[in-house]
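This report refers to the structure that appears directly beneath it.
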Amino acid sequence: NKYMFVDKFHGEYCKVYMNYDSCGLINRQGREVIPCLYKDVNYPTDGMIMAIKDSLYGYFDTLGVLRIPFQYRAASSFNEGLAVVAVDIDSTLVQYGFIDHDGKFAIDPQYEYAYPFYEGFAVVKNYDRYGMINRKNREVFPIKYEILTSMYEGLLFAGDNDGLAMYNNKFKQLTPA
């Protein structure tokens, strides 16, 4: 028996494990698209497969070709053509930015934390406050909130521990905090 554990198929792919530290991906024909050499492998999103090797993140295409080398301390799956990645600025500072499918920075690392793009906007964090940017890295919702959700079906929630208000995708407040 080749695999210790198999997940269920998600579309055309299934995660397979040789052991707890050796994960890969097979297709519906049983071919290993990503060999079981990685700590973890995500299912494809936006045509890219994120994997972890030696505590670093990199990306394969859906044919199993390594497109973006293992170089990031943390990363997200691709969404809306971009992925969030964490880069060591120096020995004590890590900043988050966004890369495209070629591994080039679409938005340079400059945030304490960042979340993937949804509906054209991404939540970012600086100085322990959250705000929202667009794909041109323009701050479209001020970085001043203690709590901020990603845009979902044209709505988001923002506020602090005293209350949250709902906003639409034009950033008009719809409910009181």
Side-chain angles (χ1 to χ4, degrees), residues 7-17 21-25 33-90 92-141 143 145-158 169:
D7 195 6
K8 65 180 187 267
F9 273 91
H10 292 251
E12 293 299 310
Y13 302 93
C14 179
K15 278 173 121 173
V16 292
Y17 299 81
D21 289 322
S22 298
C23 181
L25 210 61
V33 177
I34 309 294
C36 291
L37 300 173
Y38 304 96
K39 176 76 174 164
D40 195 18
V41 174
N42 280 14
Y43 288 102
T45 59
D46 276 6
M48 300 292 274
I49 301 165
M50 184 181 72
I52 306 169
K53 180 180 182 180
D54 300 326
S55 299
L56 294 175
Y57 292 72
Y59 297 88
F60 293 89
D61 65 19
T62 54
L63 299 175
V65 176
L66 184 64
R67 292 292 180 190
I68 301 171
F70 293 91
Q71 60 187 315
Y72 302 108
R73 172 182 293 212
S76 75
S77 293
F78 273 85
N79 203 43
E80 297 186 12
L82 299 175
V84 178
V85 296
V87 175
D88 290 318
I89 302 302
D90 58 35
T92 61
L93 181 63
V94 173
Q95 290 190 320
Y96 289 76
F98 296 83
I99 59 169
D100 64 19
H101 284 114
D102 296 320
K104 293 181 175 53
F105 278 100
I107 297 173
D108 288 332
Q110 60 195 278
Y111 298 105
E112 281 176 25
Y113 198 80
Y115 294 86
F117 275 87
Y118 290 99
E119 300 182 25
F121 304 104
V123 173
V124 294
K125 177 183 179 186
N126 267 341
Y127 304 106
D128 288 326
R129 294 287 189 248
Y130 295 91
M132 200 167 274
I133 60 169
N134 65 16
R135 293 177 61 86
K136 294 181 177 158
N137 197 28
R138 207 170 12 243
E139 191 177 308
V140 293
F141 201 64
I143 300 175
Y145 297 95
E146 290 179 28
I147 302 166
L148 180 60
T149 65
S150 293
M151 188 74 68
Y152 182 72
E153 294 183 357
L155 299 171
L156 66 95
F157 289 89
N169 58 3

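Side-chain contact between M48 and I68: present, with at least one pair of heavy atoms (C-beta onward) separated by less than 4.5 Å. Looking only at side-chain heavy atoms (C-beta outward), E139 and M132 stay at 4.5 Å or farther from each other. Side chains of V85 and F105 form a contact here, defined as non-hydrogen atoms less than 4.5 Å apart. Taking 4.5 Å as the limit, every side-chain heavy atom of Y118 sits out of range of all side-chain heavy atoms of V123. Side-chain contact between I89 and V94: absent, with no pair of heavy atoms (C-beta onward) separated by less than 4.5 Å. Looking at Y13 and T62, their side chains come closer than 4.5 Å, going by heavy atoms from C-beta outward. With a 4.5 Å cut-off on side-chain heavy atoms, N126 and E112 count as touching. Looking at L148 and Y115, their side chains never come closer than 4.5 Å, going by heavy atoms from C-beta outward.
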* To do: Dump the intermediate steps for side-chain contact (heavy atoms from CB on, under 4.5 Å) on Q95 and V87, then the final yes or no.
  => CA-CA 6 Å; Q95 290 190 320; V87 175; 5.9 Å; no

Can R129 and E146 be said to form a side-chain contact (heavy atoms from CB on, under 4.5 Å), step by step? CA-CA 5 Å; R129 294 287 189 248; E146 290 179 28; 3.1 Å; yes

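Heavy-atom neighbours of Y152 OH from other residues, nucleotides or ligands within 6.0 Å: at or below the threshold of 12. Atom NZ of K125 has more than 12 heavy atoms from other residues, nucleotides or ligands within 6.0 Å. Other residues, nucleotides and ligands contribute over 12 non-hydrogen atoms within 6.0 Å of the CG atom of D102.
The distance from atom CD1 of I49 to atom CG of L25, rounded to the nearest 0.5 Å, is 5.0 Å. Residue S76 holds its OG atom at 10.5 Å from CZ of F117, rounded to the nearest 0.5 Å. Summarising the geometry, atom CZ belonging to R135 is positioned 4.0 Å from atom CG belonging to L82; distances are rounded to the nearest 0.5 Å. E119 CD to N79 CG: the interatomic distance, rounded to the nearest 0.5 Å, is 10.0 Å. Rounding to the nearest 0.5 Å places CD1 of I99 at 7.0 Å from CD of Q71. The structure places CG of L37 at 7.0 Å from OG of S22, a figure rounded to the nearest 0.5 Å.
In this structure a side-chain-to-backbone donor-acceptor pair under 3.5 Å is missing from D7 to C14. The closest donor-acceptor contact from the side chain of K15 to the backbone of V41 lies under 3.5 Å. In this structure, D40 contributes its side chain and I52 its backbone to no donor-acceptor pair below 3.5 Å. Side chain of D61 to backbone of L63: a donor-acceptor contact under 3.5 angstrom is found. Proximity of a side-chain donor or acceptor of H101 to a complementary backbone N or O of R67 within less than 3.5 Å is not detected.
Considering all non-hydrogen atoms of both residues, G24 and C36 come closest at N-SG, 3.7 Å. Of all non-hydrogen atoms in K39 and D21, the two that sit nearest each other are NZ-OD1, 2.6 Å. Between F70 and G58, the shortest heavy-atom contact is CD2-N, 3.4 Å. Counting all heavy atoms, side chain and backbone alike, I34 lies closest to G64 at CD1-CA, 3.8 Å.
Ring geometry for F78 against Y59 counts as perpendicular: the plane angle is over 60°, on a 0 to 90° scale with 30° as the lower cut.
Ring-centre distance between F141 and F121: not below the 6.0 Å cut-off.
Checked by atom type, the side-chain pair Y57/N42 shows no donor-acceptor distance below 3.5 Å.
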